[in-house]
Novice: 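Pasting in a structure now, in structure tokens, and then I'll have a few things to ask.
Heavy-atom basis, side chains included; hydrogens, waters and symmetry copies ignored. Lettering of chains follows the sequences in order, A, B, ..., and the numbering in each one begins at 1.
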Amino acid sequence: MAESIEERVARLEDLEAIRRLLLDYRRYLDGKDFHAYAGLFAVDGEFIGGPGGTIRATGPQGIFELVDGMRGTLLTETGGDDLHIAVNEVIELDGDRAHVTSTWVYLIRGEGDVPEVSKIGHYDDTLTREDGQWKFMARTAPMDIPAQ
Amino acid sequence: MAESIEERVARLEDLEAIRRLLLDYRRYLDGKDFHAYAGLFAVDGEFIGGPGGTIRATGPQGIFELVDGMRGTLLTETGGDDLHIAVNEVIELDGDRAHVTSTWVYLIRGEGDVPEVSKIGHYDDTLTREDGQWKFMARTAPMDIPAQ
Amino acid sequence: MAESIEERVARLEDLEAIRRLLLDYRRYLDGKDFHAYAGLFAVDGEFIGGPGGTIRATGPQGIFELVDGMRGTLLTETGGDDLHIAVNEVIELDGDRAHVTSTWVYLIRGEGDVPEVSKIGHYDDTLTREDGQWKFMARTAPMDIPAQ
């Protein structure tokens, strides 16, 4: 059951689209464009973070409110004072679903205006294709260092 | 107006070629191969850096001279003493042009021979396809941390 | 001698498969799944590290024993206490072989439970396609900072 060229190209396009979703997430988060950020989640998509997964929100509006409330606390107030790097993505496609793991490294403007590696963690994602667009169905974002 | 398989494959090839351009830039820069580095710019390509975009050069020869002059000042004298990581690339294709943003993190051999995150910034690029090769039409390289 | 669509798609698939190999390497290494890690090497694949390439092993079993012996010394005892980021990959395909260079940055849980950039180095890889799967024929992993 060899795949057709059409199926093979569609698979490659899915990988590109999913990488782009991961990178848009970081871009909107660090750009403090929290509306665009929240729009990357499916209608009933979930964000799960914090110690033991205790920080949660569901749906774009709830997720917008959650992340907007992190400004000045878990995130810096001002764009350019913090930055995620999103790397090490491993993508498992499964039709209109996908499972992805990746690494995030959170850097901030530290004392004396020098860069500081502040936190490291990973993402465990379930993605879904919604109206032809890959979206986050569930993004779990544990912090690894420091320990939560 | 569905795209043909040929068009879809060409788009995927463009994404690969553009990622390769970004990675060759870093490779030649950190390898201190400034001739190869300058050859990644279009004939009338521009490099724009420094506070307020005040560090500028146009065309491969001018860009070679600019970067060669950074050796021992903005860049280390010796290869292996500094390194960029080039990540977070977001690529927008537009025919024979493309717009790309990405993140650079500059690491150096610090005091006591330990790695040090020295600077963080981003790239805003306009690319052009010149004789079938993607080249930098304009690369703007603002530093974010420390502030310029 | 234009390439066929089939050849062009196969090339794109090879690039994806090779990136995945590099990322699985990191994933299994940091997950301390050293059997899966060693299985990424060809039957007669080699790992070459250490000062002057003096740390060597050949074949999955030998490589498993080598990396398992690094636990608690060159690697942390416990998963989650260390992490590689694998970036800057430049892939040159050559039929059933490939040459790849990339950058590794090794982060650890430092004093006071804060992230610390511990080491930086690079990989020089020769890959081979073995039974349809890309594997490491030779992975050389020099450390750059600190100097070996």
Novice: If you measure from the Lys or Arg side-chain nitrogens to the Asp or Glu carboxylate oxygens, is any gap between R20(C) and E89(A) under 4.0 Å?
Specialist: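 Salt bridge: no.
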Novice: I85(C) versus chain A, heavy atoms under 4.5 Å apart: side chain, backbone, both or neither?
Specialist: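 Looking at I85(C), backbone and side chain both touch chain A.
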Novice: Is it the case that atom CD in Q148(C) sees more than 12 heavy atoms from other parts of the structure closer than 6.0 Å?
Specialist: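 Yes, because the 6.0 Å sphere around CD of Q148(C) holds more than 12 heavy atoms from other groups.
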Novice: Can you tell me which portion of I108(C) sits under 4.5 Å from chain A's heavy atoms? Options are side chain, backbone, both or neither.
Specialist: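 The backbone, not the side chain.
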Novice: Ignoring hydrogens and geometry, is there a side-chain-to-backbone donor-acceptor pair from N88(A) to R27(C) under 3.5 Å?
Specialist: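 No, the answer is negative, given that no donor and acceptor are paired below the 3.5 Å cut-off.
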Novice: What residue, out of K119(A), R19(A), E116(A), H122(A), has the most heavy-atom pairs lying under 4.5 Å from chain C?
Specialist: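 When all of K119(A), R19(A), E116(A), H122(A) are compared, R19(A) has the most.
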Novice: Report the C-alpha distance between I145(A) and V114(C) in whole Å, list the side-chain angles of each, state the deciding distance to 0.1 Å, and finish with yes or no for side chain to side chain contact (heavy atoms under 4.5 Å, CB included).
Specialist: CA-CA 6 Å; I145(A) 304 175; V114(C) 299; 5.8 Å; no
Novice: Heavy-atom distances under 4.5 Å only: say whether V9(C) touches chain A with side chain, backbone, both or neither.
Specialist: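 Both the backbone and the side chain of V9(C) come within 4.5 Å of chain A.
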Novice: Can you tell me how far apart CG (D144(A)) and CG (D82(C)) are? Round to the nearest 0.5 Å.
Specialist: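 Here the interatomic distance stands at 11.0 Å.
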Novice: Verify the neighbour count for atom CG of D131(A): are there more than 12 heavy atoms of other residues, nucleotides or ligands below 6.0 Å?
Specialist: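 No.
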Novice: Measure V117(A) against the heavy atoms of chain C and call it side chain, backbone, both or neither at under 4.5 Å.
Specialist: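 Looking at V117(A), backbone and side chain both touch chain C.
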Novice: At a heavy-atom separation under 4.5 Å, does D81(C) approach chain A through its side chain, its backbone, both, or neither?
Specialist: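 Only the backbone of D81(C) comes within 4.5 Å of chain A.
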Novice: Does CD in E65(C) sit with more than 12 non-hydrogen atoms of other residues, nucleotides or ligands closer than 6.0 Å?
Specialist: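 Yes, enclosed.
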Novice: May I ask you to decide if E13(C)'s main-chain N or O and R8(A)'s side chain share a donor-acceptor pair within less than 3.5 Å?
Specialist: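 Absent.
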Novice: Compare every heavy atom of P146(A) with every heavy atom of R109(C), then report the nearest pair and how far apart it is.
Specialist: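 Of all heavy-atom pairs spanning R109(C) and P146(A), the closest is NH1-C, 3.9 Å.
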Novice: Checking R26(C) against chain A: side chain, backbone, both or neither under 4.5 Å from a heavy atom?
Specialist: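 The side chain, not the backbone.
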